[in-house]
Amino acid sequence: LNNLSRYYSENRDLPDALFVVMVPTHSAGVPLRQARGPQPAAHRRRPRRRIPHPDMAGPAAIAPPPKVTPGSQSDGIAAACCDRWADGSGRIALLHLRQDGTVERIGHDALRAASLRFAQVLRAQGIGRGGRVAILLPQGPEALVALLAAQRIGAIAVLPGAASGPAALAGRLRASGSAALVTDEAGLALLAREALPALRHVFCVFRADRPEGGPTCFWTAIAQAPQDAPGPMPDPRAPGLLLHAADATGHVHGVLHAQR
């Protein structure tokens with residue numbers, strides 16, 4: 001325990017809670033095997049492989065966690081999944097199977113350009129660090145662009161997941177305090193009759209013609225936005241994802257994940 005305490009004090013990046021499981025090996029000063037008495041040869045257990053103590057194995061046995069520099073652009077989700085590979089070579093990032101059966105090849109450069117533009121759109125709407133951006137979309141390039149854009153401005157991407165009805169879905173958006181929503185026509189139909197006062201901006205991925213007076217078209221807003229970077233990347237330790245998952249009893253819980 002003294003060695004673990006010393007290691008924890010020297011590595012501040014470890015989690016705040018460090019759990020140590022202690023297994024008793026003696027009972028009233030007598031080893032447990034002797035306290036139980038001799039065992040028949042048929043029931044004797046095979047000796048377990050001993051795991052060396054960290055101090056016995058040497059300092060290389062424990063690899064300390066990497067030091068994280070606040071504001072580092074190499075540890076965020078957007079940098080690790082997109083910017084690191086967007087080198088102008090057209091490297092393929094996504095194979096998108098369209099509804100007509102054709103396959104669309106999307107590169108890291110295109111994802112970076114689109115997410116930079118949509119990050120500017122979100123910032124122009126007053127959404128910044130700590131804001132909630134809900135993404136209610138099937139798997140596809142639009143969902144990935146919205147996720148990367150939220151990461152670039154330090155916002156929290158809210159993934160409500162599959163819900164059992166419009167009321168349950170609206171409850172997740174209401175509880176998370178989502179200020180913006182990126183969805184498609186199916187998502188709009190689910191939330192048409194729900195009251196969401198905190199939801200101020202809705203961006204829709206239209207598969208057909210956009211109706212007049214409806215929400216903002218997702219791709220139109222991207223095309224009209226500048227491609228400049230919205231600012232420095234957020235701290236990788238800041239909150240970045242809010243996932244919703246159900247436990248064994250069916251209760252839905254929100255799980256907050258960091259940018260990295």
Side-chain angles (χ1 to χ4, degrees), residues 8 11-19 63-86 93-94 108 111-112 114-116 118-119 121-123 125 127-164 168-183 187 196 198-199 201 203 229-260:
Y8 177 74
N11 296 269
R12 295 297 184 180
D13 292 333
L14 285 175
D16 295 335
L18 182 63
F19 297 94
K67 301 296 183 180
V68 178
T69 303
S72 174
Q73 298 188 7
S74 60
D75 294 295
I77 295 177
C81 298
C82 181
D83 295 353
R84 185 177 300 174
W85 315 102
L94 189 65
H108 286 91
L111 284 178
R112 183 176 186 274
S115 61
L116 283 174
F118 192 61
V121 173
L122 294 175
R123 175 150 298 186
Q125 301 297 333
I127 301 174
R129 186 162 301 182
R132 273 71 167 177
V133 179
I135 303 175
L136 184 59
L137 288 171
Q139 295 185 7
E142 294 85 0
L144 188 55
V145 168
L147 174 63
L148 295 176
Q151 305 299 313
R152 295 187 185 282
I153 61 176
I156 301 176
V158 180
L159 306 180
S164 57
L169 178 60
R172 298 181 187 183
L173 298 179
R174 192 179 299 111
S176 63
S178 298
L181 171 65
V182 183
T183 185
L196 298 170
L199 190 62
H201 311 286
F203 302 91
M233 298 287 280
D235 189 343
R237 296 170 293 186
L241 286 174
L242 180 58
L243 310 176
H244 290 80
D247 57 14
T249 61
H251 293 84
V252 178
H253 303 275
V255 181
L256 190 62
H257 197 279
Q259 289 272 352
R260 61 180 179 182

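In this chain, numbering begins with 1 at the start of the sequence shown.
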Checklist outcome for this item: Taking every heavy atom of Ser178 against every heavy atom of Ala134, the minimum-distance pair comes out as OG-CB, 3.6 Å

Item to check | Check against side-chain contact (heavy atoms from CB on, under 4.5 Å), Phe118 and Arg123 | outcome: CA-CA 9 Å; Phe118 192 61; Arg123 175 150 298 186; over 6 Å; no

Item to check | Closest approach of Leu242 to Ser176 (non-hydrogen atoms, all atoms of both residues) | outcome: CD2-CB, 3.7 Å

Next on the checklist: Using every non-hydrogen atom in the two residues, find where Ala149 and Ala119 come nearest and quote the distance to one decimal.
Outcome noted: CB-N, 3.6 Å

Checklist entry - Does the distance from a Lys or Arg side-chain N to an Asp or Glu carboxylate O, for Asp235 and Arg129, drop under 4.0 Å? => result no

Checklist entry - Could you state the interatomic distance from CD (Gln139) to CG (Leu144), rounded to the nearest 0.5 Å? => result 10.5 Å

Checklist entry - So, Trp85 side chain and Ala79 main chain: donor-acceptor pair closer than 3.5 Å or not? => result no

Item to check | Any donor-acceptor pair under 3.5 Å from Thr183 side chain to Leu136 backbone | outcome: yes

Next on the checklist: One pair to check against side-chain contact (heavy atoms from CB on, under 4.5 Å): Val158 and His244. What are the steps and the verdict?
Outcome noted: CA-CA 8 Å; Val158 180; His244 290 80; 3.8 Å; yes

Checklist entry - Side chains of Pro239 and His257: does their closest heavy-atom pair fall under 4.5 Å? => result no

Checklist entry - For Pro160 and Ile135, which heavy atoms make the closest approach, and how far apart are they? => result CD-O, 3.4 Å

Checklist entry - Are Val133 and Ile156 close enough, and set up right, to give a side-chain contact (heavy atoms from CB on, under 4.5 Å), and what steps lead you there? => result CA-CA 6 Å; Val133 179; Ile156 301 176; over 6 Å; no

Checklist entry - Closest approach of Ile127 and Ala180, non-hydrogen atoms and distance? => result CD1-CB, 3.3 Å

Item to check | Distance (rounded to the nearest 0.5 Å) between Gln125 CD and Phe203 CZ | outcome: 5.0 Å

Next on the checklist: Could you report the tightest heavy-atom contact between His108 and Cys81, atom names first, then the distance?
Outcome noted: CD2-O, 3.6 Å

Next on the checklist: Please report the interatomic distance CZ(Arg84) to CZ(Arg112), rounded to the nearest 0.5 Å.
Outcome noted: 13.5 Å

Next on the checklist: Distance check, rounded to the nearest 0.5 Å: Gln151 atom CD versus Ile77 atom CD1?
Outcome noted: 4.0 Å

Checklist entry - Would you say the side chain of Leu196 lies within less than 4.5 Å of the side chain of Arg174, judging by non-hydrogen atoms? => result yes

Checklist entry - Going from CG on Leu148 to CG on Leu116, what distance comes out if it is rounded to the nearest 0.5 angstrom? => result 9.5 Å

